[in-house]
Amino acid sequence: MSEIAAKAVTTRQKQRLARIVPYLLLQALIVIASLLGLRLLEPRDPDDFAVSEFSLREAGTTRPVTLPDFTASRYSLADPPLYSGSFVFRADGAGTTWSVFLPRFSNGVEVAINGVTILDSRRDPTANRPDRNTPEIAMIPASLLRKGSNDISVRLFVWGPLRGFLDTVYVGPDAALRPAFETRTLLFVTLPVVFSAWQSILAVILAIMWLMRRHEPVYGVLAAAMVLGVVQAFITPPVPPAASSRLVGVLLSSAPIESALIVASAVLFLGWRWPRYGVLLFVPGLIVIAGGLIAGPPLPRILFLLLGIPTVGFCLVLMAGIAAYAVFRRQDVASFALGCAATVVLTCWVHDILSVFEIMPNERTFVSRLSYSALLIAIGAGLTWRFARALNQVDSFAGQLVARVREAEERLKASFAREEARARAAALANERTRLMRDLHDGLGGQLISIVALSERGHEGATITDAARAALKDLRLVIDSMDDIGGDLMLALGSWRERAVMQLRPHDIALDWRVATPQGLPLHPELRPWHVIQIVRILDEAVTNAVKHADARHITVTVETRNDGQGPYGAISVADDGRGFALGEDGEAAGASQTARGVRNMRSRARRCGAVLELSTDESGTRVRLQLPQIFPDSDAAGG
């Protein structure tokens, strides 16, 4: 190994050590804080009213005992241990109610005052599980009390597998005993119910997440664990000698399966593969369940003591190790919270084990289930952290998408602006070309004609007529450049005025008819070069009627028609002249000026998408221009 590689390995080892040492020190502090918390949170009982000295009759023998006391019985339903004692009642004249308060016992008690039973905990289903530390209090009827010494007896019913236990008994005014009872009820009855309700909500949330994300089994596994925990919390324990189902006994002993499921969910949550031999973690729980289903309720309790409790402890140690390794490798909030919670629960589990094996004298307060809430908090924190991180990733991705869309939008706008400028330049070029062509074909030809007439020596009216025709053509071009908003009727109105002025010297009447009220339909796509083509066609028709047909009357009809294919406009110019000859193809025959004019009219009609119909005979000529429904954007004939 090179010197550089050796230094790199040494650096990594130092970094790992720098990470794990603070974490282990923190866990040690959590252990100390948990032990101190258990001591500080231990409810204070009214010691002034303690009755500790009893005589115990058990298995045919009687001996004096001092409470708290562990009996030798693990199953004493037929011949329960009997604790007999006495207390002194001092009437205060105010009729104060006295009560009997029992902080802890296992599994059931029957309390009698002066030979009369006042309390039987077997009737309270929630008070028959020693791991719940359920307290009991019973008021003593005033008629049972007598001044001075009174007898009290407690029969302890035990149905294993733990030995019977009876804590100190308190007898005194109810007002003095009840605060301690309510404190214990809050800690060991109400809070577990709240935590179990919280666990049930978490189970529902996890189940929904698993249903929505089947590809992440971690949510399903954790939901199953939560459901098992809720069932254990709310199921009613069997109270001998009443018969109980095997399923109830199995469910009450399902903590090993629940612990194994939580370990599996932790492994999956951290993104690791479940090891091949990890299924062995479920074997103890399955043995307890199988034993309970086959042999009935007593066996699961024994198997739970032998296999279940060690399995739970092993799972807690495994959880702590997994969390520590995850903190060491990943350094995320979820792993850190999970590790701290596992340490708290493991500490409480060790406390309970020491109580079970009576290593801690006069102690039988089980806090593992209560500390389980820390694990629920860690799981909730981990899920929330993961959800928040996913939201942040979604927000970041959405921000990137927005930035990219904006960039694409800017590029699209720039491209559109370039295309628009290019299209505008092309349109201007086309308009310039068409304007030049119109000027060349119209005004240019007129000017050349004027020049030719001048060079040939013509004078007077001939040149004047040519100049007027040139001026008319120039006005036509100029007028066609005005914006008419797609309303062709405006352009036709101007053309009508010019036509009347043109026909007046020839004494020809112009009959203007608008067959439909709206005249012609609006065409938003109408361009100036369309207008020029249409007006020139009408000019050509009128000019032919004046110059070649000797017409005396011209009728112009404007209308909107609809043949089932949508509305379209039509303009007709009819004269009463002598007409002209048509060839076999329906066109004007020969190379006369009329024939060239007709071909020019058809060409202009095609350029703007219109259809020109021509009919002529001895009674006159009729030119009909059928306008398109939508004018073409480009020159349809010229391309």
Side-chain angles (χ1 to χ4, degrees), residues 42-73 76 79-124 127-128 130 133-158 163-189 361-365:
E42 181 74 18
R44 301 300 176 187
D45 295 325
D47 295 333
D48 294 340
F49 304 98
V51 180
S52 302
E53 303 301 327
F54 281 82
S55 64
L56 173 61
R57 190 183 67 191
E58 185 179 23
T61 61
T62 301
R63 57 184 175 87
V65 295
T66 301
L67 300 181
D69 178 63
F70 286 93
T71 71
S73 301
S76 60
D79 184 18
L82 177 62
Y83 292 87
S84 299
S86 64
F87 64 94
V88 176
F89 171 66
R90 291 181 292 273
D92 57 2
T96 302
T97 303
W98 277 46
S99 297
V100 177
F101 170 49
L102 290 84
R104 291 171 293 181
F105 52 86
S106 60
N107 296 82
V109 291
E110 181 185 84
V111 180
I113 301 296
N114 296 325
V116 178
T117 301
I118 63 170
L119 171 66
D120 188 349
S121 69
R122 291 175 295 176
R123 300 173 181 172
D124 182 3
N128 297 309
N133 315 305
T134 304
E136 286 286 353
I137 190 170
M139 290 188 293
I140 305 174
S143 58
L144 296 181
L145 292 173
R146 55 177 180 259
K147 290 183 180 179
S149 179
N150 290 265
D151 296 332
I152 179 173
S153 61
V154 180
R155 291 205 301 170
L156 190 65
F157 297 93
V158 183
R163 288 206 305 161
F165 172 76
L166 180 62
D167 201 349
T168 304
V169 176
Y170 300 90
V171 181
D174 184 80
L177 304 182
R178 193 158 293 274
F181 167 76
E182 292 178 347
T183 299
R184 286 183 175 272
T185 301
L186 173 65
L187 289 176
F188 301 119
V189 178
N362 300 329
E363 280 282 354
R364 183 161 282 189
T365 303

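One is the number of the first residue; the rest follow in order along the sequence. What's counted below: heavy atoms across the whole structure, side chains too, no hydrogens, waters or symmetry copies.
In this structure, the side chains of Arg184 and Asp45 come closer than 4.5 Å at one or more pairs of heavy atoms. For the pair Leu102/Leu166, a side-chain contact is recorded, criterion being any heavy-atom separation below 4.5 Å from C-beta on. Residues Leu144 and Asn150 fail the side-chain proximity criterion, which asks for heavy atoms closer than 4.5 Å. Looking at Thr71 and Ser76, their side chains never come closer than 4.5 Å, going by heavy atoms from C-beta outward. Ile152 is listed as a side-chain neighbour of Phe54, based on a closest heavy-atom distance under 4.5 Å. Within the 4.5 Å cutoff, side-chain heavy atoms of Pro68 are placed close to those of Asp167. Taking the side chain as every heavy atom from C-beta outward, Ile113 and Phe87 approach each other to under 4.5 Å. Between Tyr83 and Leu56, the closest side-chain pair of non-hydrogen atoms falls below 4.5 Å.
Within 6.0 Å of the CZ atom in Arg57, the count of heavy atoms belonging to other residues, nucleotides or ligands does not exceed 12. Residue Arg146 places its CZ atom among more than 12 non-hydrogen atoms of other residues, nucleotides or ligands, all under 6.0 Å distant.
Rounding to the nearest 0.5 Å gives a distance of 7.0 Å between OH of Tyr170 and OG of Ser52. Here the CD-OG1 distance, from Glu110 to Thr117, works out to 4.0 Å after rounding to the nearest 0.5 Å. One distance of note links CZ of Phe188 with CG of Asn133; it measures 5.0 Å at 0.5 Å rounding.
Minimum heavy-atom separation, Val189 to Pro135: CG2-CD, 4.2 Å.
Using cut-offs of 30° and 60° on the angle between ring planes, the pair Phe165 and Phe70 is tilted.
Using modelled atom types, one side-chain atom of Asn114 and one backbone atom of Asp151 make a donor-acceptor pair closer than 3.5 Å. Ser121 places a side-chain N or O within 3.5 Å of a backbone atom of Val109 that can act as its donor or acceptor partner.
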